Amino acid sequence: MNSDTFARALQWRERHLSQRVFIILLALLTGLFCAVAAFVLHWIIHQIELLLTGRFNAGGANWLYLVYPAVGILLTSLFVRYIVKDNISHGITRILYAISTSHSRLRAHNCWTSLVASAVTIGFGGSVGAEAPIVLTGSAIGSNLGQWLKLDNKTLMLLVGCGAAGAIAGVFKAPIAGLVFTIEVLMIDMTMASLLPILVSCVTATCVTYIFSGDKALFSFHLENAWTVDRVPACVMLGVTCGLVSLYFIRMSGTLDGMFSRLRSRLWARYVVGSLLLSALIFFFPSLYGEGYGSIDMLLNGQDLQVLNNSFFAGQQHLLILYLALVVVAKVVATSATNGGGGCGGTFAPSLFTGCFTGFLFARIWNMEQIGVLVPEKNFALLGMAGVMSGVMHAPLTGIFLIAELTGGYDLFLPLMIVSVASYLTIVLFEPHSIYSRRLAREGKLITHHTDNAVLTLMQLDSVMERASETVQPDMELGQMVHRISRSRSTVLPVTDAAGRLLGQIDISRTRHVLFRTELYHRFKASQLMQQPPATLSHDMAMADVVAAFEQTHANHLPVLSADGRLLGYVSRTRLYTMYRKMVADMSQE
C-alpha cells in the first residue's frame, strides 16, 4: 500500500470510526493472529516430537535422548545467530523491557522468529515452554500493528497487552486467565477502557482455537473425589510447599542464568555445557523432554507409573517417589540449560510441570505418612500446578483461573484459591519479584502496578534535561562571568575544564553580593566562587533514582554527567515535576 492510499485510509477511519471502536477492531485482529500463531506452534512441536520419539521403547532407556536435545539447541543457536541476529530469549521479560524502555515497541521479526526457534528447541526435547515465545509473538503482533498505524505510546501498550492476553487465551483456551495474566504480569495501569479490548482479544483467540482444535481441554481431568473442608490444613501446607519450591525455582534459575551469561562471549562453551547438561538429565529423566504435558496428563489421570517409562526407573514402582522428587529438582536445571545453551523457550510450562509433580508428590507422602485425612493425589497434582505458577510468576489470580479453565476444575475453585494464596504469601517473604521481573527490577527498568513508579519508569532523563549552554573556565574572572550570567536562564553556572568535565558550579543566587561591585571584577575568579554540587546524576540513571537524589539534597538543579565526567546538562526540580504531573494526567485519562 503506497503512502497516499494509506493516508486516505487513515482519514476514512477517522471520519467513520471512533477511536474506541477502532481499538476494539485491532484487538479482534490481534486475538485472531495470536490464535493462529499458537496453533501453528503447537502443531509443529507435536509433529517433530512424534517423528523423533514416536517409536521409542517405553520399557527402558533410549540413547537418542542424548542426541536430540543437543541437535535442537544447535539448530536454534544457528538460526538465532545467523538469521535473527537478535536476542529473542526470555520472551515475557523482553515484553516488560520493551514496555519499560522502548515505549512498547517490539521489533517486527518478533512476530515469527521466537515461534520458529521455540518450535525447534521444544520439538527436539528442550525442557522449556512454548507459552512465553507465543506471548512474545502475540505482543509483537499487537505492537507492530500499532506502529504500522502510527498510534500513540499509550495505545501501543494496550495492544501489547491484547497480544499477550490473546496468546495465553489461545494456547490454553482460557480467556479469563489471559485477561488476568495481562493485568497481573504486564500492565501498569488498567482502566475500564482497557479491559474491553483485552477481553475482545481473549475471546477471539479462544473461539478461533476452538475452531482449529475442537472443544477438548489441553489436559484431561475428571474430578472423582469432591473437596471437603477437612482438607484445608493439607491445602495450606501444599501452598507453603509450592511457595518454597517456587523460591528454589526462581533462585536456581537466576544462579544458572548468571553462570551462562558469564560464558556469553564463548558461544561454543555455552552450547557444550548447556546441551550436555540437558541431554544427560533427559536421558535419566525422560519426563523432562519438551514441555512435559504428557507427564502432567498421566498424573492428572491416575497413570502415575507411566511417568517412569523410557527410563532406567521403568517398571520399578517402589522408586516412584524418588523419581518424582529428582524430577522436581532437575526441571529448573534442565530449563536453564536449554535457554543458557542457546535454545529458546519460557518458564510458563516448566512451572506448571514442576507444580504438578510437586502436588502429586506432596499428596503421596501425606497419605503414606497418614499425617491427616487422606487426600486425592490427582486433585493435589492439579492444585500444585496453580501453587507453583502463582509463586514463580507472583500471579495468584492467573494460577487460579488458568488451572480452573485449563482442566474444567471449577469444582476445586476454593482449594485452588487456598493453595495459590498460600504459595504467594510464602514466596513474597523471600522474593519480592517474579521470575520475569527480577532482572529488570534490579536494573530499575521495571514497570509496576503503581502509577507513580510506572510514570517514573516511562519518563526519560533526556526529556527533562536542559543542555548546558553557558559554562565558564576555572580561571575566568568575575567581570567576564557577568556576561555569561546575564545570558544564562538558570540559577546555576557550571565550571568545566577544557575537556568539558565538571569541576564545580556557581550558585548565582549566593554570589549577588559581589556581582554588582565592579571593583571586585578582577579580584575573583570562577575557581574561588564555585562549589561542588550536592549530587550528580549519570546519563543512564533511572528516573526513580533521579527523584530520590532531589529529595535527599533538596536541590533545585542537579548536573547530569557522562561516564567520563563530562557535563551533559542540568535537570531542574521544576521541570521534572511539571513533566511528571503531565504524564500522570495523561495516563489517568480514559
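What you see is a predicted model; the values in this text were computed from it and never measured.
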Would a 4.5 Å heavy-atom cut-off, applied to side chains only, mark Asn379 and Trp227 as touching?
no

Out of curiosity, Glu377 CD to Leu300 CG, how far, rounded to the nearest 0.5 Å?
12.0 Å

Could you tell me whether the side chain of Asn144 and the main chain of Cys111 form a donor-acceptor pair under 3.5 Å?
no

Within 45° cone of Phe353 ring axis and under 6.0 Å: Lys331 NZ or CZ:
yes

Taking C-beta and beyond as the side chain, do Asp257 and Ser336 meet within less than 4.5 Å on heavy atoms?
yes

Got a second to check how far Ile403's CD1 is from Leu416's CG, nearest 0.5 Å?
7.5 Å

Would the Phe283 and Phe312 ring centres measure less than 6.0 Å apart?
yes

Go through the steps to decide whether Ile282 and Tyr68 satisfy the test side chain to side chain contact (heavy atoms under 4.5 Å, CB included), and finish with yes or no.
CA-CA 10 Å; Ile282 292 178; Tyr68 289 156; over 6 Å; no

Examine distances only and state if a side-chain atom of Ser261 and a backbone atom of Gly258 form a donor-acceptor pair shorter than 3.5 Å.
yes

Do Glu405 and Lys173 meet the salt-bridge criterion of a basic N to acidic O distance under 4.0 Å?
no

Roughly how far, to the nearest 0.5 Å, is CZ of Arg231 from CD1 of Ile418?
12.0 Å

Close side-chain approach of Arg251 to Phe430, heavy-atom, < 4.5 Å:
yes

When you measure from the side chain of Thr30 to the backbone of Gly142, do you find a donor-acceptor pair of N or O atoms at a distance under 3.5 Å?
no

Hey, are the side chains of Leu256 and Met252 touching, using non-hydrogen atoms and a 4.5 Å cut-off?
yes

Any side-chain heavy-atom pair from Pro350 and Phe249 closer than 4.5 angstrom?
yes

With no hydrogens and no angle check, is any side-chain donor or acceptor of Tyr248 less than 3.5 Å from a backbone partner on Val329?
yes

Donor-acceptor pair, distance only, cut-off 3.5 Å: does the side chain of Gln317 make one with the backbone of Leu305?
no

Using a 4.5 Å cut-off on heavy atoms from C-beta on, say whether the side chain of Cys34 contacts that of Ile134.
no

Is Ser423 reaching over with its side chain to a backbone N or O of Gly387, donor-acceptor style, under 3.5 angstrom?
yes

Rounded to the nearest 0.5 Å, how far apart are CD1 of Ile250 and CD of Glu431?
5.5 Å

Measuring only between side-chain heavy atoms, which start at C-beta, is Phe212 closer than 4.5 Å to Val208?
yes

Is a donor on one side and an acceptor on the other found under 3.5 Å between the side chain of Thr204 and the backbone of Gly31?
no

Any donor-acceptor pair under 3.5 Å linking the side chain of Ser351 with the backbone of Phe348?
yes

Side chains of Leu41 and Ser118 in contact at under 4.5 Å (non-hydrogen atoms):
yes

How many angstroms lie between atom CD1 of Ile73 and atom OG of Ser279, to the nearest 0.5 angstrom?
6.5 Å

Give a yes or no on this: more than 12 heavy atoms of other residues, nucleotides or ligands lie within 6.0 Å of atom CE of Met298.
yes

Mark yes when over 12 heavy atoms from residues, nucleotides or ligands other than Arg107 sit less than 6.0 Å from its CZ; otherwise mark no.
no

Is a donor on one side and an acceptor on the other found under 3.5 Å between the side chain of Ser114 and the backbone of Pro133?
yes

Just checking, is any N or O donor in the side chain of Ser246 or Tyr424 under 3.5 Å from an acceptor N or O on the other one?
no

Measure from the side-chain N and O atoms of His394 to the backbone N and O of Glu184, and report whether any donor-acceptor pair falls under 3.5 Å.
no

Would you please indicate yes or no on a ring centroid separation below 6.0 angstrom for Trp366 and Phe362?
yes

Does the separation of the ring centres of Phe413 and Phe401 fall below 6.0 angstrom?
yes

Measure centre to centre between the rings of Tyr323 and Phe285, then say whether the value is under 6.0 Å.
yes

Could you give the distance from CG (Leu320) to CG (Leu361), rounded to the nearest 0.5 Å?
8.5 Å

Side chains of Thr121 and Thr76: any donor to acceptor distance under 3.5 Å?
yes

